[in-house]
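These numbers were taken from a predicted model, which means no experiment stands behind them. Heavy atoms only: backbone and side chains are in, while hydrogens, waters and symmetry mates are out.
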Amino acid sequence: MAAAVTLAAIANQATAAFIEDSKATLNLRNFYYDRNDKNTDDNRSEAREWGQAFQLNYISGFTEGTVGFGVDALGQLGVRLDGGGRAGKAGTDRTPGQLFPLESNGSAVDNFSKLGVTGKVRFSKTEARIGTLQPKLPVVTFNDGRLTPQTFEGGQITSNEIEGLTLVGGQLEHAVARASSDETSLRIGGAKGAADSNKFYFAGGDYKITDDLTAQYYYGNLEDFYKQHFLGLIHNWKLPTGSLKTDLRYFNSSSDGKNGSASGRAEGYVSNGYWSAGDSKSGEVDNRTWSALFTYSLSGHAVSAGYQQVSGDSAFPFLNQGDGASAYLITDRQIGKFLSAGERTWLAEYSYDFAEVGVPGLKTTITYLSGDNIDSATGDKKEWERDFRLDYTLQEGTFKGLGFSWRNASLRGNTSTNDQDENRLIVSYSLPLL
């Protein structure tokens, strides 16, 4: 009897910590998306879509004890309000569209939902997670540019046992697109047919050399496609007037498995890029990409200037199933990514926080990118993009935290990508439940 009472007390205590430290938030996102292609014979790639997303994010605490256990859950629902696909648009049943999955006739579904569950274990300052993940690392970053965010399935360990050093490692097996409920295997841009992989390994860490200087190294390996090494350096320098942030990045990517053999590339394990006719290495990952971005901030103003160089025969490789993905590049912007083989890109950006003139919550950013020297069979190509963003968040009152965002972008060039104009109107609100 005494032992039973003791065990019950311990269980209640552990469960109490699990519940008391839990958090639940309902995130609401109303999203209007308008894309206009300028040089196409039909409207196959154009879109005018409007939807409402509901995202329930539950984060549990950990049970008490030397080893703590917990579970997180992410439930998402997307509801079509208008538009969302047109008859004749290419695709198969449940193909991801811009905001919604598409039926086989190109029309959008009325709604779609997805549920992700993540089990977690904590020991000291080390945490292991398995299930649904949303990594934000140099070698893999989830995309949140539409109605609902992209997620991955796999496992990850994060350790902070050494002061100033964060170590991360894990494996991903599947992805769930931002406009889909279905799990898919992993691949890169250029892959053909059934060529894909269910093994992406990653590891690396961030080390704070000083409070203002952070060094990074990460490794990523998508089996049968590519191996990638990343080096990064981030420095914040407080000046007598204002501050300067320096962000340096270098990627070195090479082939792996089937991508490294002619027979494997014949199966579809190939990368985007440019190779001369008859090149036996055609489709093989071969890429070095480096960039430097400098941002000067003063009294609400921020001015950035950057440069990126892509070298090698292939385009920059990253996890890309063709349904919306992010690359950890300074040039990954609203429409384009500026990562083609040989491409050189200059970037300029200006942003202003209107809190400095008595309007807190209002911010604006304008960005211009110009890329050239893109390798092609008909000579070097070029492209440019201009982005404008205006954000406002209510700072007080009943609807404190209600956010409004207008994002406008134009892309032009003589590459194979169509010239595009794009507008996104987003209204967002987070409601704490626990």
Under the side chain to side chain contact (heavy atoms under 4.5 Å, CB included) rule, collect the residues that match up with [X], sequence neighbours excluded.
X	value
Lys125	Asn160, Glu161
Ala203	none
Glu267	Lys258, Tyr269
Lys400	none

Going by an N to O cut-off under 4.0 Å, is there a salt bridge joining [X] and [Y]?
X	Y	value
Asp206	Lys208	no
Glu127	Lys120	no
Arg389	Asp387	no
Arg187	Asp224	no

All side chain to side chain donor-acceptor pair (under 3.5 Å) counterparts of Gln395, not counting sequence neighbours: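 Counting only residues at least two positions away or on another chain, Gln395 forms no side chain to side chain donor-acceptor pair (under 3.5 Å).
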Partners passing side chain to side chain donor-acceptor pair (under 3.5 Å) against Tyr307 (at least two apart in sequence or in another chain): Gln309
Ring centre gap for Tyr352 and Phe354 strictly below 6.0 Å: yes
Partner set under ring-ring contact (aromatic ring centres under 6.0 Å, His included) for Tyr350, not counting sequence neighbours: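 For Tyr350, the residues satisfying ring-ring contact (aromatic ring centres under 6.0 Å, His included) (neighbours in sequence not counted) are His301.
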Salt bridge (charged side-chain N to carboxylate O under 4.0 Å, His left out) partners of residues 131-151, not counting sequence neighbours, each pair once: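 Residue pairs with at least one partner in residues 131-151: Arg29-Asp144.
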Qualifying salt bridge (charged side-chain N to carboxylate O under 4.0 Å, His left out) pairs, either residue in residues 347-367, two or more places apart: Arg333-Glu349
Can a donor-acceptor pair be found, under 3.5 Å and without considering hydrogens, that links the side chain of [X] to the backbone of [Y]?
X	Y	value
Ser60	Val71	yes
Thr148	Arg178	yes
Ser261	Gly264	yes
Glu49	Leu99	yes
Lys199	Gln171	no
Arg412	Gln420	yes
Ser124	Thr126	no
Thr158	Val168	no
Ser297	Ala302	no
Thr331	Lys337	yes

Atom CD1 of Ile366: over 12 foreign heavy atoms under 6.0 Å: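 Above 12, so yes.
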Heavy-atom neighbours of Leu77 CG exceed 12 at 6.0 Å: yes
Counting only pairs under 3.5 Å, give me each side-chain donor-acceptor contact of residues 227-241, with atom names and distances, residues two or more places apart or in other chains.
residue, atom, partner, partner atom, Å
Gln228, NE2, Ser253, OG, 2.9
Gln228, NE2, Pro317, O, 3.1
His229, ND1, Tyr217, OH, 2.8

Compare all side-chain heavy atoms of [X] with those of [Y] and state whether any distance is below 4.5 angstrom.
X	Y	answer
Ser314	Trp275	yes
Phe338	Leu329	no
Tyr368	Leu347	no
Asp380	Asp375	yes

Decide whether [X] and [Y] meet the rule of one side-chain donor and one side-chain acceptor closer than 3.5 Å.
X	Y	value
Ser410	Glu385	no
Asn198	Ser185	yes
Trp50	Asn30	yes

Ring geometry between Phe316 and Phe318 (parallel below 30°, tilted from 30 to 60°, perpendicular above 60°): parallel
All salt bridge (charged side-chain N to carboxylate O under 4.0 Å, His left out) counterparts of Lys192, not counting sequence neighbours: none
Criterion side chain to side chain donor-acceptor pair (under 3.5 Å) on Asn287 and Thr289, from CA distance to verdict: CA-CA 6 Å; Asn287 184 272; Thr289 297; 2.7 Å; yes
Audit row: Asn143, Gln150, side chain to side chain donor-acceptor pair (under 3.5 Å) steps and yes/no: CA-CA 5 Å; Asn143 184 283; Gln150 176 193 36; 5.8 Å; no
Just distance, no hydrogens or angles: give the donor-acceptor pairs under 3.5 Å from side chains in residues 402-409, sequence neighbours left out.
residue, atom, partner, partner atom, Å
Ser405, OG, Asp391, OD1, 2.6
Ser405, OG, Arg407, NE, 2.9
Trp406, NE1, Asn423, OD1, 2.9
Asn408, OD1, Arg386, NH1, 2.6
Asn408, OD1, Arg386, NH2, 3.1
Asn408, ND2, Asn423, OD1, 2.9

